[in-house]
Amino acid sequence: MNNKLYGNLIFELSHPGRKGYSLPSNDFESHPLPSHLRRQADASLPECDELTVVRHYTNHSANNFGVNNGFYPLGSCTMKYNPVVNEEIAALPGFTCLHPEQPASTCQGALEVYYNLQKALSALTGLSEFTLNPFAGAHGELTGLMVIRAYHQNHGDYKRTKVIVPDSAHGTNPASAAVCGLEVVEVKSKSDGSVDVEDLRHLLDDGVAAMMMTNPNTLGLFEREIPEIAQLVHECGGLMYYDGANLNPMLGKCRPGDMGFDVMHINLHKTFSTPHGGGGPGSGPVGVRKGLENLLPSPRVVFEDGTFTLRHDGDAISVGKYLGNFSVIVRAYAYILSLGKENIKMVGPLATLNANYIKESLKDVYELPIEGLCKHEFVFDGLKDKSTGVTTMDVAKRLLDYGFHAPTIYFPLLFHESLMIEPTESESLDTINGFIEVMRKIAEEATTNPDMVKGAPHNTPIGRVDDVQAAKHPVLTYKQVKALS
């Protein structure tokens, strides 16, 4: 392979006068742009032939890691396989050629997808109605909290400004509450990783707007005392919010609405395919229990007199003019239809089986701080043998040499060397056994040759970088130090 084409920036491959395009002659009159819209100097763009450009970006694309080319056990983020049929359906011209401003009468098929997905999500979660407007999971959290705030204000209860959040919660929970103008109150976890109900009792008063919970929680553990927690929060006048980031292991077994939750969001790009590596696109539908439907944001897709229409309620909250990321919504609907009522019941149990199999196979060499049955994910606290000096970061880097993406590391913050593993239900036994074998091998290497593990990765295009320097002083733009030649 030509290392110059592989490793350099496109600017460094530039030569003056080279082009990768040709334009037809201008058959129209000249229409100069107004001077205030024109650059004062030409942009410094690379000049390359087409083949150089194609090879350059094709070679770089080989460095991208995703679920389509390897195991991606990213804890708390459910990077499951996205079936190709979902992509084909989302790419149909009838979907891709739509415009958000066109009349509802001309896009009945798309609106039917919205409507049917809303109904499917309600059936899967036990909630009354959903909105598909939010563009991401965190956006869904904010939307759900806005619904809760509107609920209390509609009842003249303006003093309810506190949101209770477990100390093991996802970081977006307190962030969303703060953005919504609410005060965050932390509730402690017990030694077994579950919410401390006794600590919660002391936090409940007439200033509580809601309690946010993830179930299973961030440690992958099922919160068994949710019925009591929900009763306590409801008795003090607050609402229960369900963070749907960990909904995957619940599918087919239990529903948030049946547990007493009033509002929730779902990460479609986690639970219902469309893996979200690279930051997007995402989708964060929000569902509410019966009696809160009128608080969902406009516009809303409704079915009236045999026609799908958009309803705009002037009193509803607003989180965006349009109906979310449509391509993600189409993929999620295709995923649900592909599995059907029977097979979608297997998602949660299989995800739970895979996670427990890995946990039990590795807990003799990796420290398991909390014993017992986990759900879709679990957390190790680094290697069991701490004397080697090999850290969780070292293990994560070494995994790259063996072709596996690293799990989530150093989260949750409850443990010093957190290693959070989530295999999802779509991985085969062969893949999981291969991952277990490599994790055991790294544990052995940490004892026999710790310096090799500490220096990993060794087989990637770029070796170990200075993470602190990269975080504090990232180089985000190319600075031309000399004329392109």
Side-chain angles (χ1 to χ4, degrees), residues 118 121-122 125-166 169-187 195 200 203-215 217 223 226-227 229-247 255-267 284-298 300 313-320 324:
Q118 289 170 178
L121 296 180
S122 291
T125 62
L127 293 171
S128 176
E129 191 167 332
F130 270 82
T131 175
L132 304 181
N133 295 21
F135 287 87
H139 195 203
E141 281 184 20
L142 177 62
T143 301
L145 290 169
M146 290 171 68
V147 166
I148 291 172
R149 186 178 63 178
Y151 167 80
H152 291 303
Q153 291 180 351
N154 287 353
H155 286 79
D157 209 347
Y158 289 89
K159 65 179 176 296
R160 292 191 179 274
T161 59
K162 293 191 291 188
V163 175
I164 299 174
V165 178
H170 295 123
T172 51
N173 287 182
S176 297
V179 170
C180 198
L182 300 168
E183 176 189 352
V184 178
V185 178
E186 185 177 275
V187 60
V195 168
L200 174 64
L203 304 176
L204 297 174
D205 56 33
D206 60 1
V208 172
M211 179 171 181
M212 301 181 77
M213 291 188 70
T214 307
N215 192 36
N217 63 24
E223 294 279 1
I226 277 187
I229 291 172
Q231 181 179 351
L232 290 171
V233 173
H234 287 149
E235 284 177 351
C236 86
L239 298 183
M240 289 291 291
Y241 181 92
Y242 183 92
D243 179 341
N246 293 349
L247 182 64
R255 308 187 305 175
D258 300 333
M259 301 177 198
F261 286 96
D262 306 287
V263 182
M264 75 171 293
H265 87 271
I266 295 175
N267 294 54
V286 170
V288 295
R289 64 161 168 80
K290 191 171 183 60
L292 301 178
E293 300 94 338
N294 64 309
L295 299 176
L296 290 173
S298 291
R300 293 163 61 190
D313 185 352
D315 295 328
I317 64 174
S318 176
V319 296

- Message: Once you measure the plane-to-plane angle for Phe135 and His139, does it fall in the parallel (<30°), tilted (30-60°) or perpendicular (>60°) bin?
- Response: parallel

Taking it one step at a time, do Met240 and Met264 satisfy side chain to side chain contact (heavy atoms under 4.5 Å, CB included)?
CA-CA 8 Å; Met240 289 291 291; Met264 75 171 293; over 6 Å; no

In short, side chain to side chain donor-acceptor pair (under 3.5 Å) pairs touching residues 140-150 with sequence neighbours left out are Glu141-Thr172, Glu141-Asn173, Glu141-Ser176

Handout entry: Asn217 versus Glu223, side-chain donor and acceptor atoms under 3.5 Å
Key = yes

d(Ile164 CD1, Glu183 CD) to nearest 0.5 Å is 10.5 Å

One should read off an interatomic distance between Cys180 SG and Leu145 CG, to the nearest 0.5 angstrom, of 5.0 Å

Here the gap from His170 atom NE2 to Thr214 atom OG1, rounded to the nearest 0.5 Å, amounts to 5.0 Å

Taken in chain and number order and not counting sequence neighbours, the residues that satisfy side-chain contact (heavy atoms from CB on, under 4.5 Å) with Asp157 are His152, Lys159, Arg160

To the nearest 0.5 Å, atom CD1 of Ile266 lies from atom CG of Leu132 at 9.0 Å

message = Is the shortest side-chain heavy-atom distance between Asn246 and Asn215 below 4.5 Å?
response = no

Working for side chain to side chain contact (heavy atoms under 4.5 Å, CB included), residues Leu142 and Val319: CA-CA 9 Å; Leu142 177 62; Val319 296; over 6 Å; no

Smallest heavy-atom separation, Ile317 atom then Ala150 atom, equals CG2-CB, 4.4 Å

What one should report as the nearest heavy-atom pair of Pro297 and Asn133 is O-ND2, 4.0 Å

Heavy-atom nearest pair, Gly144 first then Tyr241, reads CA-CE1, 3.8 Å

- Query: Is any side-chain heavy atom of Leu203 closer than 4.5 Å to a side-chain heavy atom of Lys162?
  - Reply: no

Residue set satisfying salt bridge (Lys or Arg N to Asp or Glu O under 4.0 Å) with Asp258, at least two apart, ordered chain then number -> Arg255

Contacts of Ser298 meeting side-chain contact (heavy atoms from CB on, under 4.5 Å) (sequence neighbours excluded), chain-then-number -> Asp313, Ala316

Closest non-hydrogen atoms of Pro166 and Val195, given as atom of the first, atom of the second and distance, are CG-CG2, 4.0 Å

Find out whether Arg300 and Gln118 are in side-chain contact, i.e. whether some heavy atom of one side chain is under 4.5 Å from a heavy atom of the other. no

CG (Asp243) and CG (Asn267) are apart, to the nearest 0.5 Å, by 7.0 Å

Whether the Tyr242 and His265 side chains hold a donor-acceptor pair (N or O, under 3.5 Å, no angle test) is what I'd like checked. no

All heavy atoms of Cys236 vs all of Val208, minimum pair found to be SG-CB, 4.1 Å

Using residues 288-296 as the side-chain source, report each donor-acceptor pair under 3.5 Å to any protein atom, sequence neighbours left out, with the distance given to one decimal.
unit_1	atom_1	unit_2	atom_2	d
Arg289	NE	Asp262	OD1	2.6
Glu293	OE1	Gly291	N	2.8
Glu293	OE2	Ser128	OG	2.6

For Val184, the side-chain contact (heavy atoms from CB on, under 4.5 Å) test, sequence neighbours excluded, returns Val165, Pro174, Ala177

*asked:* Pair Leu239, Tyr151 - check side chain to side chain contact (heavy atoms under 4.5 Å, CB included), show working.
replied: CA-CA 9 Å; Leu239 298 183; Tyr151 167 80; 3.6 Å; yes

So CG of Leu121 and CG of Leu127: to nearest 0.5 Å the spacing works out to 10.0 Å

